[in-house]
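First, the structure itself, so that you have it in front of you.
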Amino acid sequence: MAGHIIAVAGGKGGVGKSVFTANLAIAYLQELKQRPCIVDLDLTSLGDQNIILGQNPQKTIVDISRMQGVTLDPKSLGPMMINSPVGYSFVGAPRDSIAARDLDIEGLGRFLKAATGIFSATIIDCGNGMDPYALKVFEYATVIFVITSADVIVINQTKRLLSKIQELLFPQEMVQIIVNKYSQSNIIGPQMIQKNIGRQIFGAIPEDVASCDGSLAKSQPVCLSVPSSAVAKSYHEIVRKMQQTNMLENLSKLKKPTPGSVKSQVTAPADAGSGGASARSSAAPLDPWTSMKLRIHKALVEQMDLKKMNVDTSDSKQRAILREKTQKGILDILNMEDTASLLSTRELKAQIIKEVLDEALGLGPLEDMLADDLITEIMVNARDQIYVEKAGKPMMSKVTFSSEAQMMNVIERIVTPLGRRVDEKVPYVDARLLDGSRVHVIIPPLALRGPTITIRKFPKKRIEYKDLIAFGSMTEEIADFLRCCVEAKLNIVVSGGTGSGKTTLLNVLSNFIPASERIITVEDSAELQLAQEHVVRLETRPKNIEGEGEVSIRDLIKCCLRMRPDRIVVGECRGGEALDMLQAMNTGHSGSLTTLHSNNPRECIARLETLVMMAGLGLPAKAIRENVASAVGLIIQQSRLSDGARRVTHITEVVGIQGEVVSLQDIFLYKQEGLDKKRKIIGRFVPTGFIPKFVEEMEAKGMKISRNLFAAK
């Protein structure tokens with residue numbers, strides 16, 4: 001009869017999984033009178049089992065994994081392991097991390113397969129259970145014992161490990177929970193642990209510091225050194241329970257991922273003491289629908305290597321052909337599945353095909369949100385918490401990601417075509433989707449709850465000034481006035497907070513530029529959509545993997561000045577590029593447009609001053625203010641109001657400088673007058689009565705502007 005692989009893992013160091021591994025093997029030997037094999041595969045501790053067992057092996061699991069062209073049997077493996085006179089065999093871990101790098105994962109698989117034909121039980125210390133070698137053991141294992149303790153941080157790490165095992169489609173019954181160092185006086189009892197992690201406790205090992213420390217001092221497992229202790233008896237109870245319930249034989253019949261099918265999607269967990277991993281969102285048990293979807297997706301990945309198909313994602317025809325091939329692959333997989341209970345109708349079958357297609361080729365659960373025209377922003381706080389913005393108001397979505405691995409696949413699908421990357425070295429990135437939607441991604445260790453995605457959706461229909469009038473963002477008279485300002489080549493700054501609609505307004509203003517003029521746009525992530533033909537679009541570039549090759553907005557603005565621009569449009573000033581922008585405005589490149597973050601026109605001037613200081617040239621404050629006053633002609637303040645509506649709240653002229661202060665004069669204001677029955681803000685646009693100085697210049701150029709437009713009302 002084939003033997004069993006018993007994997008032992010702990011979500012956090014110090015829970016006692018190595019001690020548990022050794023004592024479980026001894027209790028197994030003493031109860032069943034059968035030789036077990038103990039394998040130390042904890043590549044973090046590197047040799048703890050040597051101390052616990054009092055052994056000093058010359059060969060290690062690395063040596064076994066690299067045995068090529070040799071049949072792995074008792075004869076060939078004999079010299080590679082220690083056969084203790086007590087009655088167990090032992091395969092040690094390498095003694096240093098450099099040697100551990102030579103462990104061959106395929107060779108490990110060959111050993112695991114051979115071990116089931118040699119030993120009735122091979123008990124393996126898998127460390128934290130999150131590295132590729134532990135996952136390889138899980139593929140061959142009959143049972144996985146996860147060791148936890150009555151400690152809040154340890155419980156959180158245990159939940160994270162259980163979540164990852166579940167994401168990789170290992171059956172829940174295969175995982176058994178052991179509470180180590182249990183004390184009745186501890187405020188956190190087994191029932192509380194069960195409730196917190198949502199799993200039954202299989203066994204508990206009592207806390208006995210004296211017996212355990214004494215055994216370690218003797219380099220013997222407790223079951224050998226103090227066989228009458230409560231700790232030793234608890235190990236025997238676990239083995240007897242396994243035997244009485246026929247656990248190993250029953251679990252061996254479960255359907256598990258086939259060896260080689262589990263790809264490593266994890267890295268070693270961060271130290272819980274840092275607060276990183278303990279703050280992650282834990283995964284709830286997967287429902288049958290999600291489990292089937294993950295199973296189909298995994299089979300699809302095995303059947304079709306989508307990454308090697310070399311499809312140009314910007315080519316709609318190639319995307320359609322790939323989608324058709326993938327859909328056929330999903331149907332073939334479904335035909336081999338027992339779907340009668342879940343997919344009872346044609347609609348349900350079509351739905352699961354669409355969801356798997358979206359995950360395989362698109363952005364998974366985000367696809368439907370991107371297709372919904374009412375949604376303007378998507379905010380993924382964690383894999384199981386997604387908010388959307390509708391009509392200016394955020395609301396929780398019922399849609400979730402099935403795993404963090406799925407989220408990372410979606411992120412990779414967004415950034416890779418743009419030549420950008422996001423990893424532990426560069427854990428955040430700005431990108432855009434095919435339709436121009438702006439994406440910001442930030443991942444662990446900076447994001448404590450897991451990967452975070454924020455998508456500012458790009459409207460499918462280009463927004464024009466008529467749309468802003470229809471939305472109530474401005475009046476037709478104000479739109480005509482702004483058109484004249486753009487055509488008269490005033491330098492304009494659009495000011496506003498995050499999500500207030502600055503970029504949309506900048507896009508509308510840019511479309512007022514005459515088609516005969518040469519326009520150069522400079523953006524961090526290309527969003528502007530100009531209707532003119534004579535447009536050059538420039539986009540910044542981040543550092544490459546060697547930390548070189550970065551091209552900033554400052555660099556691109558300097559390039560602009562050598563490209564004979566009639567207009568320079570900068571997506572946003574957020575650093576020292578503000579100085580270059582002002583210099584361009586002051587040196588014959590009038591009619592330039594840009595945006596920046598500020599709450600009102602007065603703060604806009606102060607922020608511009610601060611950004612210029614960031615250029616690092618040490619200019620005196622008065623010189624900076626004089627530069628600002630002579631360069632900027634008009635400030636348009638865009639705001640998002642409390643009801644979610646976006647309005648132009650100020651149109652302000654920069655008059656000049658008086659002493660140390662830049663003089664501003666409001667031309668139009670949005671005046672709030674109350675709320676209607678639906679709690680929507682009621683307001684109107686009012687002129688202040690001030691006629692801007694530049695009106696005379698505009699009239700000299702042949703533009704007709706009615707003075708009544710500025711009359712106070």
Side-chain angles (χ1 to χ4, degrees), residues 316 319 347 350-351 354-355 357-359 361-402 406-407 410-411 413-414 430-441 452-475 479 494 496-508 511 525-529 531 595 638-649 670 672 675-683:
S316 58
R319 290 203 310 270
E347 288 76 16
Q351 183 181 344
K354 180 186 179 300
E355 289 184 14
L357 268 173
D358 287 344
E359 290 187 15
L361 302 179
L363 303 185
L366 303 183
E367 285 288 336
D368 288 338
M369 299 180 190
L370 290 168
D372 189 343
D373 292 337
L374 297 177
I375 294 175
T376 54
E377 194 145 5
I378 302 167
M379 298 155 280
V380 184
N381 296 344
R383 72 152 197 87
D384 53 358
Q385 188 184 76
I386 302 176
Y387 279 86
V388 297
E389 184 187 75
K390 282 188 176 183
K393 293 289 187 181
M395 58 187 69
M396 184 80 162
S397 168
K398 295 179 181 179
V399 177
T400 62
F401 283 93
S402 56
Q406 183 196 11
M407 283 188 72
V410 166
I411 291 169
R413 203 168 288 135
I414 293 171
D430 286 305
R432 66 179 186 277
L433 302 181
L434 285 172
D435 65 356
S437 296
R438 186 171 66 193
V439 183
H440 180 77
V441 170
T452 300
I453 306 171
T454 308
I455 300 177
R456 181 78 52 78
K457 281 182 61 180
F458 197 79
K460 292 176 181 173
K461 175 182 173 290
R462 185 170 63 240
I463 292 181
E464 299 178 349
Y465 76 94
K466 293 179 181 177
D467 298 305
L468 295 185
I469 294 169
F471 298 153
S473 296
M474 62 175 70
T475 63
V494 179
T498 301
S500 60
K502 299 187 301 298
T503 305
T504 300
L505 180 56
L506 180 66
N507 209 47
V508 169
N511 286 312
S525 184
E527 296 176 78
L528 295 174
Q529 192 179 29
T595 72
Q638 178 85 4
S639 301
R640 182 169 59 175
L641 306 183
S642 57
D643 64 350
R646 293 167 171 84
R647 299 281 186 271
V648 172
T649 55
Y670 180 75
Q672 298 186 34
L675 299 173
D676 64 12
K677 294 179 180 179
K678 296 182 179 179
R679 308 295 295 173
K680 294 288 184 181
I681 290 175
I682 300 172

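If you're wondering where the values come from, they're calculated on a predicted model, not measured in any experiment.
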> Is I386 close to N381 at the side-chain level, that is, under 4.5 Å between some pair of heavy atoms?
Replying inline: no
>> Just verifying a value: how many Å separate I455 CD1 and L363 CG, rounded to the nearest 0.5 Å?
In response: 6.5 Å
>> Quick check for you: to the nearest 0.5 Å, what is the distance between D676 atom CG and I682 atom CD1?
In response: 5.0 Å
> Step by step, would you call T475 with Y670 a side-chain contact (heavy atoms from CB on, under 4.5 Å)?
Replying inline: CA-CA 10 Å; T475 63; Y670 180 75; over 6 Å; no
> Donor-acceptor pair, K457 side chain versus M369 backbone, under 3.5 Å?
Replying inline: yes
>> Just so I know, are the side chains of L366 and I378 near enough to count as touching, which here means a heavy-atom distance under 4.5 Å?
In response: yes
>> For the CG atom of L370 and the CD1 atom of I375, what is their distance to the nearest 0.5 Å?
In response: 8.5 Å
> Does some side-chain heavy atom of R438 sit less than 4.5 Å from a side-chain heavy atom of R432?
Replying inline: no
> Does a side-chain heavy-atom distance below 4.5 Å link Y465 with N511?
Replying inline: no
> What's the shortest heavy-atom distance between I411 and I453, and which atoms?
Replying inline: CG1-CD1, 3.8 Å
> Between V441 and T452, is a side-chain contact (heavy atoms from CB on, under 4.5 Å) present by the stated rule, with each step listed?
Replying inline: CA-CA 6 Å; V441 170; T452 300; over 6 Å; no
>> Checking I463 against L468 for the side-chain contact (heavy atoms from CB on, under 4.5 Å) test, could you report, in this order, the C-alpha distance in whole Å, the side-chain angles of both residues, the deciding distance, and whether it holds?
In response: CA-CA 8 Å; I463 292 181; L468 295 185; 4.1 Å; yes
> Taking side chain as C-beta onward, heavy atoms only, is M396 less than 4.5 Å from Q385?
Replying inline: yes
>> Side chains of V439 and T454, heavy atoms from C-beta outward: is any pair under 4.5 Å?
In response: no
> Atom CD in E464, atom CD1 in I469: separation rounded to 0.5 Å?
Replying inline: 10.5 Å
> Could you state the interatomic distance from OG1 (T400) to CG (D384), rounded to the nearest 0.5 Å?
Replying inline: 7.0 Å
> Any salt bridge between E389 and R646, counting N to O under 4.0 Å?
Replying inline: yes
>> Is the shortest side-chain heavy-atom distance between M395 and V388 below 4.5 Å?
In response: yes
>> Quick test of your reading of the model: are D372 and K390 salt-bridged, counting only N-O distances below 4.0 Å?
In response: yes
> With no hydrogens and no angle check, is any side-chain donor or acceptor of N507 less than 3.5 Å from a backbone partner on L528?
Replying inline: no
>> In the structure I gave you, are the side-chain heavy atoms of D430 and H440 within less than 4.5 Å of one another anywhere?
In response: yes
> Between P394 and M379, which heavy-atom pair has the shortest distance, and what is it?
Replying inline: CB-CE, 4.4 Å
>> Any side-chain to backbone donor/acceptor pair from S639 onto L641? Under 3.5 Å, distance only.
In response: no
> Taking all atoms of both residues into account, what is the closest heavy-atom pair of V380 and F401, and its distance?
Replying inline: CG1-CE1, 4.0 Å
> Hey, what do you get for CD (Q638) to CG (L505), rounding to the nearest 0.5 Å?
Replying inline: 5.0 Å
